Amino acid sequence: MAILSVQNLSKSYKNQLVLNNVNLTIDKPGIWALVGPNGVGKTTFLNVMTNILKADSGTVKLVGKSNKDPSVFKEVAFLQDNSILFDYLTGYDHLKYICDVQKMPKQRINEVAEYVGMEKYLHKIVGNYSLGMKQHLLLAMAIINKPKLLFLDEPLNGLDPSSAILMRKILLELAEKGTSIILSSHNLSEIDRVTKQIIFLKDGNLTEVDLSTKEITFYYFQLSNMEAAYKLLLEKNFHVEKTSACLKLELQPSQLDSVINLFKEEQLQILDMHKEITGSEILYEQIFSV
């Protein structure tokens with residue numbers, strides 16, 4: 001059974017074709033990033049997946065059931081933006097409502113609050129929450145039912161570095177435990193930290209890419225004699241560039257030891273070295289002609 005099955009799905013919204021007869025299948029746990037510029041239709045796509053917006057044509061199945069079947073939300077969750085929150089209620093009230101509707105034990109409230117790090121303000125009025133605190137509550141609401149499939153719309157918005165680290169940790173743990181996650185984001189550096197599986201949305205079409213097959217690894221070296229090292233690498237047919245402070249080499253990981261040994265043989269001391277792996281940003285630039 002596919003966790004998510006989208007077949008021949010189309011959706012027009014405000015005279016714009018957002019989804020053009022798209023197909024998508026996800027049949028294993030993991031994290032997929034939905035990527036595209038602002039206004040391309042990422043939120044509309046997620047709203048159609050969860051039947052908040054009705055598709056013009058095509059079908060969507062979540063955990064083997066039609067997305068029009070309300071019972072799917074016992075196994076599916078959607079983290080939306082904070083406009084769905086009620087300022088006059090507490091965080092506890094929001095979580096209790098979900099427990100009541102889905103007939104879950106109230107002990108889940110404290111469990112999930114502690115897990116996302118909001119136990120200190122669980123009983124405070126949401127109107128007094130910061131943007132980051134609201135994101136924590138939205139995450140708690142989304143995972144309280146231990147979903148098999150989780151949709152997230154810009155989950156990293158408004159998070160300070162500590163909260164962003166916690167969010168990444170939680171998403172990776174959920175995926176490891178068997179949850180399939182689709183998250184939309186325009187924060188490409190954060191995407192690179194959680195997944196190599198990218199779904200680009202452009203002109204109403206979806207393009208799924210395994211980024212691990214597109215990556216290029218560069219190593220940057222500072223050496224005791226930069227000019228001698230540069231000439232040596234050229235002689236050995238390495239792809240090397242000079243920058244203002246170091247030498248930049250495109251290498252396979254298996255080539256690193258041979259380069260280091262080459263420097264040792266020529267008595268070139270390595271003063272500094274770091275690695276850079278090209279991620280979603282370069283592919284994004286190619287697809288959207290940035």
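It should be emphasised that the depicted structure is a prediction, and the values quoted were computed from it without experimental measurement.
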Shortest non-hydrogen contact between [X] and [Y], atoms and distance:
| X | Y | answer |
| --- | --- | --- |
| Asn145 | Glu75 | ND2-N, 4.2 Å |
| Ala77 | Ala142 | CB-O, 2.8 Å |
| Lys42 | Leu201 | N-CD2, 3.8 Å |
| Thr179 | Leu149 | CG2-N, 4.4 Å |
| Val116 | Ala140 | CG2-CB, 4.0 Å |
| Tyr230 | Leu247 | N-CD1, 3.7 Å |

Other residues, nucleotides and ligands only: do more than 12 of their heavy atoms fall within 6.0 Å of [atom1] on [X]?
| X | atom1 | value |
| --- | --- | --- |
| Glu114 | CD | no |
| Lys61 | NZ | no |
| Glu176 | CD | no |
| Lys236 | NZ | no |
| Lys264 | NZ | no |

[Y] and [X] side chains, donor-acceptor separation under 3.5 Å:
| X | Y | result |
| --- | --- | --- |
| His136 | Tyr129 | no |
| Ser163 | Asp160 | yes |
| Tyr115 | Glu173 | yes |
| Asp56 | Ser10 | no |
| Ser180 | Lys148 | no |

Member of Thr90, Val112, Ile109 meeting the side chain to side chain contact (heavy atoms under 4.5 Å, CB included) criterion with Leu122: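 The residue from Thr90, Val112, Ile109 that satisfies side chain to side chain contact (heavy atoms under 4.5 Å, CB included) with Leu122 turns out to be Ile109.
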Partner set under salt bridge (Lys or Arg N to Asp or Glu O under 4.0 Å) for Lys74, not counting sequence neighbours: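 Testing Lys74 for salt bridge (Lys or Arg N to Asp or Glu O under 4.0 Å), a comparison that skips the adjacent residues, returns none.
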[X] (side chain) donor-acceptor with [Y] (main chain) under 3.5 angstrom:
| X | Y | result |
| --- | --- | --- |
| Ser12 | Leu17 | no |
| Gln197 | Ile31 | yes |
| Ser5 | Ala2 | no |
| Thr217 | Gln252 | no |
| Asn8 | Gly58 | no |
| Thr195 | Ile191 | no |
| Lys11 | Lys54 | yes |
| Asp153 | Gln80 | no |
| Asp93 | Leu89 | no |
| Asn225 | Ala228 | yes |

Roughly how far apart are [X] [atom1] and [Y] [atom2], rounded to 0.5 Å?
| X | Y | atom1 | atom2 | result |
| --- | --- | --- | --- | --- |
| Lys231 | Met226 | NZ | CE | 13.5 Å |
| Lys275 | Tyr219 | NZ | OH | 4.5 Å |
| Glu250 | Glu241 | CD | CD | 9.0 Å |

Plane angle bin for Tyr220 and His274 - parallel if under 30°, tilted between 30 and 60°, otherwise perpendicular: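 Plane angle under 30°, so parallel.
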task: For Leu34 and Leu183, run side-chain contact (heavy atoms from CB on, under 4.5 Å): C-alpha distance rounded to whole Å, both residues' side-chain angles, the deciding distance at 0.1 Å, then the answer.
output: CA-CA 6 Å; Leu34 178 64; Leu183 66 91; over 6 Å; no
Joint hydrophobic cluster, [X] plus [Y], side-chain heavy atoms closer than 4.5 Å:
| X | Y | result |
| --- | --- | --- |
| Leu150 | Val48 | no |
| Trp32 | Ile181 | no |
| Phe45 | Phe200 | no |
| Ile3 | Leu46 | yes |
| Ile26 | Leu62 | yes |

task: State, yes or no, whether a side-chain contact exists between Leu262 and Leu232 at a heavy-atom distance under 4.5 Å.
output: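 In contact.
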Note, Met141 side chain near Leu79 side chain (heavy atom, < 4.5 Å):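 No; the side chains remain at least 4.5 Å from each other.
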- prompt: Is it true that Glu227 and Lys242 have a side-chain N and a carboxylate O under 4.0 angstrom from each other?
  reply: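 Yes, this pair counts.
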task: Show your working on ring pair (Phe, Tyr, Trp, His ring centres under 6.0 Å) between Phe73 and Phe78 and close with a plain yes or no.
output: CA-CA 9 Å; Phe73 289 100; Phe78 182 18; 8.6 Å; no
